There are 2 protein chains.
Amino acid sequence: MSTMKTTTEKSMVMHNPPHPGEVLRELCLEPLGLTVTAAADALGISRKTLSAILNGRAGISPEMAVRLSIAFGASAESWLNQQTQYDLWLAEQNRKNLKVRKLSAA
Amino acid sequence: MSTMKTTTEKSMVMHNPPHPGEVLRELCLEPLGLTVTAAADALGISRKTLSAILNGRAGISPEMAVRLSIAFGASAESWLNQQTQYDLWLAEQNRKNLKVRKLSAA
DNA sequence: GCAACCTGTAACGATATAGGTTACGCTACG
DNA sequence: CGTAGCGTAACCTATATCGTTACAGGTTGC
């Protein structure tokens, strides 16, 4: 599902955003030469939990966003927004299957 | 985050954001004279679920954000961002209790 | 070879949330 | 009174986070 091309349509922002764990690994762990084990320990979470995030099998919870902001310094909001954009992209894939009536043309 | 009052200080956004259901009720249901029952029906969800959202006992899920965007026209992103900001504000309240080591001064 | 790591991940349990159905009590109104 | 709308409790299911433990595979170095 992540390897679609589909750049031919109206080209809304269909960018298939990377899951935040991918960004986390490339922007935080690798530059600092951190192992998954060491980073998980610093974040105060289990290695399993961090591994799940890094490999896209878990999302960044609000609390995790705060942890990341403490450890790596970026704002918790930026971490959480990455997750939100990713979750929203997934939900949008199913938009046409939702049975909803328009109530306003706002 | 958009409702800052520019208090001249660094002033982190400690505004205790309203839960998104409050905004939903005031900006969508009331202006259209919609009952909770009617709105829930239009959204394709149960009255219980909408009631929970409106009264702050449930959040706006990614799928619900898409439903709201169909029914009321605002972007799904704007609906979901409201929820994210609220969840983050809650998580920040517990920041000081998290045992996390700083790894970078980025 | 072998020991020491690092890693992904399966298995299991605990906890939390979203969502549905059903049902109860309350309020407002014609 | 009867009806409509509302909040919400009870109960169920599905999913998600997070933890611990354990296993298998890969590196690296002695």
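None of these values were measured; they are calculated from a predicted model. Naming convention: chains lettered A, B, ... in sequence-line order (proteins, then strands); numbering from 1 in each chain.
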Report summary line: NE2 (H19(B)) and CG (L54(B)) are apart, to the nearest 0.5 Å, by 8.0 Å
**Report entry** Selected nucleotide, minimal atom distance to N55(B) side chain, candidates dG20(C), dG8(C), dT8(D)
**Finding:** dT8(D)
**Report entry** Side chain Q83(A), main chain I60(A), donor-acceptor under 3.5 Å
**Finding:** yes
Query raised in the report: Donor-acceptor pair, T84(A) side chain versus L80(A) backbone, under 3.5 Å?
Result: yes
Query - DNA chain D contacts among residues 37-46 of chain A, heavy-atom distance under 4.0 Å - result: G44(A), I45(A), S46(A)
Query - Value in whole Å for how far the C1' atom of dT9(C) lies from CG of L50(A) - result: 14 Å
Query raised in the report: Is R25(B) touching bases, backbone alone, or none of the nucleic acid, heavy atoms closer than 4.0 Å?
Result: sugar-phosphate
Requested in this report: Please report, rounded to the nearest Å, how far the P atom of dA18(C) is from the CG atom of L90(A).
Outcome: 18 Å
Query - Nucleotide dG19(D), atom C1' - distance to CE of M64(A) in whole Å - result: 11 Å
Query raised in the report: In Å, rounded to the nearest 0.5 Å, how long is the span from CD1 of I70(A) to CZ of R101(B)?
Result: 12.5 Å
Query - Check: S69(B) side chain, V66(B) main-chain N or O, donor-acceptor pair, under 3.5 Å - result: yes
Report task. Give S51(A) one of three labels, base, sugar-phosphate or nothing, depending on what nucleic acid heavy atoms sit under 4.0 Å from its own. Result -> base
Report task. Indicate if L98(B) and I53(A) have the same hydrophobic cluster label, given that clusters are the connected sets of ILVMFWY residues with side-chain heavy-atom separations under 4.5 angstrom. Result -> yes
**Report entry** Spacing between R67(B) atom CZ and dG20(C) atom C1', to the nearest angstrom
**Finding:** 12 Å
Query raised in the report: Counting just side-chain N and O atoms, does S61(A) come under 4.0 Å of either OP1 or OP2 of dA16(D)?
Result: no
Report task. Return the value, rounded to whole Å, for the distance between atom NZ of K99(B) and atom P of dC18(D). Result -> 16 Å
Query - 5′-ward residue of the pair K48(B)/L54(A) relative to DNA chain C - result: L54(A)
Query raised in the report: When rounded to the nearest 0.5 angstrom, what is the spacing between CZ in R47(A) and CG in L50(A)?
Result: 10.0 Å
Requested in this report: Find the distance between CG (L24(B)) and CD (E30(B)) and round it off to the nearest 0.5 Å.
Outcome: 10.0 Å
Enumerate the protein-to-nucleotides 23-27 of chain C contacts in which both atoms are nitrogen or oxygen and the separation is below 3.5 Å.
unit_1  : atom_1 : unit_2 : atom_2 : d
dA23(C) : N6     : R47(B) : NH2    : 3.4

Query - Whole angstrom value for the distance that separates C1' of dA10(D) from CZ of R57(B) - result: 13 Å
Requested in this report: Using whole Å, report how far CD1 of I53(A) lies from P of dT17(D).
Outcome: 8 Å
Report task. Would you indicate, yes or no, if dT7(C) has its OP1 or OP2 atom less than 4.0 angstrom from a side-chain nitrogen or oxygen of T35(A)? Result -> yes
Requested in this report: Report the distance from atom CD of E63(A) to atom C1' of dT15(C), rounded to the nearest whole Å.
Outcome: 13 Å
Query raised in the report: Does NZ belonging to K96(A) count more than 12 external heavy atoms closer than 6.0 Å?
Result: yes
